[in-house]
Amino acid sequence: GGDEKNSTENKSASDAGKEIRVGVAGPFTGAIAETGTTIKNAVLLAEEQINQAGGINGKQVKLDLQDDKADPKEAAAVANKFASDKSILAVVGHYTSSTTLAGAPIYNRVGLPHIGIGCTSPAITSAGPYTYRVLTSDAYDGEYVANWMIEEGFKNIAVAYENDDYGKGLADVFKAKIESLNGKVVAMEPYNLGETKDFSAILTKFKAAKPDSLFIAGQYNEAAMLLKQGKGIGFKLPVFGSNGLYSDALIKLGGADVEGLKCVGSFHQSAPSQEAKDFIAAYKAKYNQEPDIWAAYAYDAANILFAAIKNGGEDREKINEYLTTLKDFKGATGVTTFDENGDCMKEPLKLVIQNGKFELYIK
Amino acid sequence: MNILKVLDIDSVTIRFGGLEAIRDVSFAVDEGELLAIIGPNGAGKTTIFNAMTGIYRPTQGNILFKGQLINGLKPNQLVLKGIARTFQNIRLFSALTVLENVMVGWQCRSREGLWGALAGGKRVAVNRVEAINQCREYIEMVGLADLMEELATNLPYGKQRLLEIARALATGCNLLLLDEPAAGMNALEREELISLIRHISKNLRKTIILIEHDINLVMNISERIVVLDHGEKIAEGTPGEIRTNQKVIEAYLGSEDPLEQEVV
Amino acid sequence: MLELKNVMVNYGVIPALKSISFKVEEGEIVTLIGANGAGKSTILKAICGLIKLKGGAITYQGDTISGMGAHLIIRRGISQVPEGRGIFANLTVEENLGLGAYVRKDKAEINRNLKVVYDRFPRLFERRKQVGGTLSGGEQQMLAIGRALMAAPKLLLLDEPSMGLAPLVVKEIFKIIKEINQTGTTILLVEQNARMALSVANRGYVMETGQIISHGTARELRDNEDVKKAYLGH
Amino acid sequence: MDVFFQQLVNGLTVGSLYALIALGYTMVYGILKIINFAHGDILMIGTFIGLVLVMNFHLAFVPALLLAMFITALMGILVERLAYRPVRAADKLIALLSALGVSIFLVNFAQLVWGTETHPFPVNISGEPIILGEVHIGTLQIWALGVSLLLMVGLHFFVNHTKMGVAMRATSFNVDYARLMGINVDNIISITFAIGSALAAAAGILIGVYYDAVYPVMGYSAGLKAFTAAVLGGIGSIPGAMLGGLLLGVLENEGAAYLSSGYKDAIAFALLIIILLIKPTGLMGRREQQKV
Amino acid sequence: MEHLARFTLNYRNKAVSLVFMILLALIPLFIANDYYIHVLITLGLFIILSLSLNLVSGYTGQLSIGHAAFYGIGAYVTALLMLKLNLSFLVAIPIGGLVTAFFGLLLGLPTMRLAGDYLAIVTLGFGEIVRLVLLNWDKVTRGPMGLPGIPAPELGSYVFMSKIPYYYTVFIIVLITVATMRRIVNSGFGLSLIAISQDELAAEAVGINTLRCKIISFIISAFFAGIAGGFFAVYISFVSPDSFTFMDSIMVLEMVVLGGLASIPGSIIGAVVLGLIPEILRFMAEYRMLIFGALMVVIVIFKPDGFWSAKKRMRNAIMKDLAARKMIDTKTVSPRGEYIEGA
Ligand SMILES: Nc1ncnc2c1ncn2[C@@H]1O[C@H](COP(=O)(O)OP(=O)(O)OP(=O)(O)O)[C@@H](O)[C@H]1O
Ligand SMILES: Nc1ncnc2c1ncn2[C@@H]1O[C@H](COP(=O)(O)OP(=O)(O)OP(=O)(O)O)[C@@H](O)[C@H]1O
Ligand SMILES: [Mg+2]
Ligand SMILES: [Mg+2]
């Protein structure tokens, strides 16, 4: 639910002009609430920073946080709530591809611009003119990891994927790329986010297919369980993953069993840019912990919207016009440019888990 | 030979697992007759009712109703053919009123159906009025007129038995099976019951088969008696014959004078 | 031994017992007769603590038992054969009988008692492994009485024990009631078959719509014209 | 064939855990005729209790397991007192709703206390897996199977061969008649809940350790599966619950290996429906003989 | 409107109900807030769902805990028809209802052999299977990704843009559902259904074809749930398998039971109350569902017969209706307000 001190329950007409209201939709409870929490932390940080700097056009920014529980139906309800509240100028969110796709038609119907923060499904490319995202599409990432694995010399690859927009989209792109590079996907098994806990069937099938490496297209929770259960039945291989795995929670849950795992992401503590350094420092100061990638994306999304409101105008349509032409926005996750579909173009980082930490991968 | 028989039980055997509840029993009932089945507890009386009403299927043998084989038909199909019953352990629709209980019995004669219900209209309403009036007549007949709107569950035991009879009659049956209708009734109520059964038999011209342990009542109203013991038929005849049948006395009545009931 | 004083019971808002008072002395057979729905079964349920009283009190051997949990009342030596027999349909005949002796601890005595019951009802012995639910009505009644006897009660409450029984068995049951009484068990008997009930009882109470309308010795009641007309038939 | 045997082992492991949970459903159902929808959530709380005992109180695994079973048993009794006893006389569906209320409450309670995230259950039951050909049988699997079988056999004996067990079955048939036998029905019901909850806690902890994951909604799927297992075996029947659990575990694991892992649960449910249509009271359910 | 009103209302409370309906119809004029209208539309959907389940579980007494499957089938069929065949919602939703009705028939068949909790588990299994098929048959359903972008309904050149046309659509569907359910349960057929729920064997023994009645009630129930699903798909413009889970089935059952089994006003009240509580508790944030759970326990303890008083339950209103139309005698009225035949 919305944090009481930040969401404004009673907004009378007179208030509406005095403050700038932006919606934030994320999985604050439910299966991936941990991610929701870092998103919440990051946007609240962005809010605090902009208000300390005098707000936008002299007005204070007020975020309205709504919980979509990573559930598309809830997402539609949240989208409806934002869409019908005229004082909401733009929205940060949603997080997953499914929730973004559920909300997008509603936002697009009323012309409310929104920036997705974790949704990487290729389907979002064509979700509508008011839909944006701060991270690259799976079509891009999947091919990137496929290239990487072939470069590392792997040929027979098993794929475990989360059975939804995110995982399936990624796995499909990945498989096509591997095959075009003369590699082989020897087994491909789906599991359900937040539901599957027993990976023994999947692992047994993998084992029988005799792969030389494993690619996981999904989230950290399942990846940790998969690898831990794999150890139990004697299944241990080099593992690559998508950006969904890039979370410290993976290491917390997986412990020694995720050591050596490689994945992609576009933000890292030791990233060179000044924006990233500043963000990490501020986040640490406020919350006394390291931000993860989703915090960085959420932070960037919020700041892009603040910039759009400032430079475009306090009007949904004007904000959207600004966003369509956004170019080279420098943020914690690198340089963001939106293409004509609202898709993001930026180069991911290669990462590896070493000694219980994500490190930049250097061959 | 079967032309006049309403019901013909032809060498019926009913088994439950290893237990033979009914073994090779045959008897027949004539149109308009009032037949009683008596016998010790567990003799198989209720079981044979259950077979006649489609609740059990005979393991062997045939049951014919008006010359037609009815083995294996379902209870509701048998009601449409004209067989209705009451239960030894009363089974009313307890949350429905007396009138509604009887109307449920009447349903199998209703031509309204689902479409009629959805369409509504004057004709449907007229039909319903007619149904209600007929059901009220049955209720008056069994003497529950002043309890028409009472919930069945609130009726005393004896009146519940009467309601079961009204409900069975409402199906428009011509063979009525009564399983211990007098159980739980006091002397006064029993007398009223006797005249009710006579009325149904004589004036409504229904064929009746009756199971009862009240020997007075049985001897009083039945025209013929079938006696079962341990699943077998041990005697058949008029009340006079049965009263003096040595086998029946040994198995069931217990002394020469069944009316003698004092113990001390 | 047992005394009810101004006992009142309601089902919802409807009164089922309106100030009932009566006594049962040690060693007696007392019968309650009355039309359907008079409240006879309700009295038995109230004695055993299955329903709460709305007013009045029940004392047993000098102690007030109304308001106690049913299991505590049963432990004091009261046993009931409920209306409708109350057989555990999912348990075998033997298990049913065993439960009758649930509150007793003396194994040997229980086994002796079991033999007595089987002797009295050989039919039960034949069916001792059959589940109670498949017994015929009469067999179930025998089982219910047998089970109550397994408790070796001081006070036995019988609710219409003759219902649905063949004449032969009815006689047998009344004989047994008499015998049980002679071995020292006090009996409160509810019956529709008033003629039979009054033939074994010492005293009787006649009930109508939740009230006791008359009482007296069995002989007095048998000779009472009103009782004769309503409950004894001719 | 390796896949087959590996899945058989995996299936038996989960199956024995399903069975353990199913017993709780079956016992409560047997006695109150309600499907205790909160059972899975009691399992979840029991698991968290076990986790707290291990992590915060540094108990060893077995003492933690036993103590968690005990605490959860008390919690089962409490839930029965507060949420089920007041509606015992009402329609069975009402009790079902009360159970759902408890279920929702417990899940959200756990989310507030322990957060929504998945916690690992770091218990070191060390020992090398037994390796037969390509088939691995983990120490944990042996534990899970062993503990569940032990508890089940104990329960079976208790219900069928003790006076309390017969009293339990009598109460399950009719509460008033049981009272007339001098049975303290309230106690019997409390004991039933206590046993069911303790078994659930045991199953939950074993599941938590086996998957190395404890999380507030873990009771939902475990509960659904176990409930299915209970019905498959014949609800109310204790051997049925065991058989149902094992069968369900094995079938869905083999189904997942040879058909599709996505349809794994669908296979289990389709089988359930088919079995029920052939044998309407489940595999070992005794038909409640209803004479008319 | 007048005709619809007559079709919907029973004769006795005609005036009161008519006023009430007019008020409901005017709501969008008073409340401009889209969020409130969204909540009202959702309540409308809940009402249709609970009324439809009430027929099977309340009146016919067949416990069903897989009702969300019907809702889901209706939603997916409607969505696919609109997305793939570009059918108008006016055609797609009824077809969705009919397809769902067919599944109702399928689910009704097991009642031939199963009753009570065993039937319940079959309905649960059915619900899960439907959900898993929606999840895994990705060539058609797009699996967990769901079907986004269901086009907004069009009536000629009028396109549904705001919430108000949706409100009126669901309002009309609710009225039709109430009217149909009323006619069904207050008929001889409805009486048979109640009889079946009370004692199936006795019902069969007095000539009721119980299997046929049960199957018909499943078919009708499924049809209306399917319609609700279709409307949901159109309204939210997105369907995915996790909108039709076991918990959704349970929620509907809860509405029926808490409202008061076998009662039309009960089901409506149940849907409204249970639909509103979580919305009202929204301000409590994290504590919302905790309180909701506790509240449920408290409600059932203090209102074990549901919100709608027990005395009005299980009643068939044939008599009341005829009496009101002066077609049967109504000289005496019993203290409970029911008609007793005039002496
Ligand atoms: N469904 C069944 N399964 C097993 N045994 C049964 C079943 N139904 C009846 N029996 C047995 O068949 C025998 C006959 O039972 P039935 O009910 O027909 O007796 P009855 O003559 O009606 O006795 P009563 O006068 O006591 O009612 C009994 O021994 C009974 O236990
Ligand atoms: N559970 C109940 N709820 C409501 N009313 C009840 C209930 N049980 C009995 N009654 C009513 O209370 C009154 C007394 O019932 P009770 O069973 O004590 O009568 P009884 O004298 O034993 O009659 P019978 O000879 O029929 O057994 C009756 O009017 C009955 O309808
Ligand atoms: Mg009989
Ligand atoms: Mg009585």
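None of the values given here were measured: they were computed from a predicted structure. In what follows, chains are A, B, ... by sequence order, proteins preceding strands, each numbered from 1.
Only the side chain of D:Leu272 comes within less than 4.5 Å of a heavy atom in chain E; its backbone stays farther off. Residue contact with chain E, scored on non-hydrogen atoms closer than 4.5 Å, involves the side chain of D:Ile35 exclusively. Residue contact with chain E, scored on non-hydrogen atoms closer than 4.5 Å, involves the backbone of D:Ile278 exclusively. Residue E:Val256: no heavy atom, backbone or side chain, is found under 4.5 Å from chain D. Residue contact with chain E, scored on non-hydrogen atoms closer than 4.5 Å, involves the side chain of D:Tyr29 exclusively. With a threshold of 4.5 angstrom between heavy atoms, E:Leu258 approaches chain D through its backbone and through its side chain.
The greatest number of non-hydrogen atom pairs below 4.5 Å with chain D, out of E:Leu135, E:Val122, E:Ile299, is found for E:Val122. Note: E:Val300 leads E:Val298, E:Leu124, E:Val300 in heavy-atom pairs under 4.5 Å with chain D. Residue with the most contacts toward chain D among E:Leu253, E:Val257, E:Asn136: E:Asn136 (heavy-atom pairs, distance under 4.5 Å). Contact count versus chain D (heavy atoms, under 4.5 Å) is highest, among E:Leu114, E:Val297, E:Ile121, for E:Ile121. When D:Ile273, D:Val87, D:Leu97, D:Leu96 are compared by the number of non-hydrogen pairs under 4.5 Å with chain E, D:Leu97 comes out ahead. In terms of non-hydrogen atom pairs under 4.5 Å with chain E, the most contact-rich of D:Leu224, D:Val102, D:Ile267, D:Val107 is D:Leu224. Ranked by heavy-atom pairs under 4.5 Å with chain E, the list D:Ala83, D:Ala95, D:Ser98 is led by D:Ser98.
Once rounded to the nearest 0.5 Å, the distance linking OH of D:Tyr220 with CE of E:Met247 reads 6.5 Å. Here the straight-line distance linking atom CG of E:Leu119 with atom CG of D:Leu276 works out to 9.5 Å at 0.5 Å rounding. D:Leu100 CG to E:Glu254 CD: the interatomic distance, rounded to the nearest 0.5 Å, is 5.5 Å. Here the CG atom belonging to E:Leu295 is positioned 10.5 Å from the CD1 atom belonging to D:Ile104, to the nearest 0.5 angstrom. Rounding to the nearest 0.5 Å places CG of D:Leu277 at 8.0 Å from CE of E:Met112. Distance check, rounded to the nearest 0.5 Å: CZ of D:Phe269 to CG of E:Leu132 gives 7.5 Å.
Scanning all heavy atoms of the two residues, the minimum distance from E:Met296 to D:Gly101 falls at CE-N, 3.4 Å. Closest of all the heavy-atom pairs between E:Ala294 and D:Phe105 is CB-CD1, 3.8 Å.
Two residues are said to be in side-chain contact when any heavy atoms from C-beta on lie closer than 4.5 Å; D:Phe37 and E:Ile250 meet this criterion.
Residues of residues 226-235 of chain D lying under 4.5 angstrom from chain E, judged on non-hydrogen atoms, are D:Phe227, D:Thr228, D:Val231, D:Gly234, D:Ile235 in numerical order.
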- Task: Please report the C-alpha distance between E:Leu290 and D:Leu112 in whole Å, then the side-chain angles of each, then the deciding distance to 0.1 Å, and finally whether the side-chain contact (heavy atoms from CB on, under 4.5 Å) criterion is met.
- Result: CA-CA 9 Å; E:Leu290 186 81; D:Leu112 283 176; 3.8 Å; yes
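Within 6.0 Å of CH2 in E:Trp137 there are 12 or fewer heavy atoms belonging to other residues, nucleotides or ligands. At most 12 non-hydrogen atoms from other residues, nucleotides or ligands lie less than 6.0 angstrom from CZ of D:Phe109. Within 6.0 Å of NZ in D:Lys279 there are more than 12 heavy atoms belonging to other residues, nucleotides or ligands.
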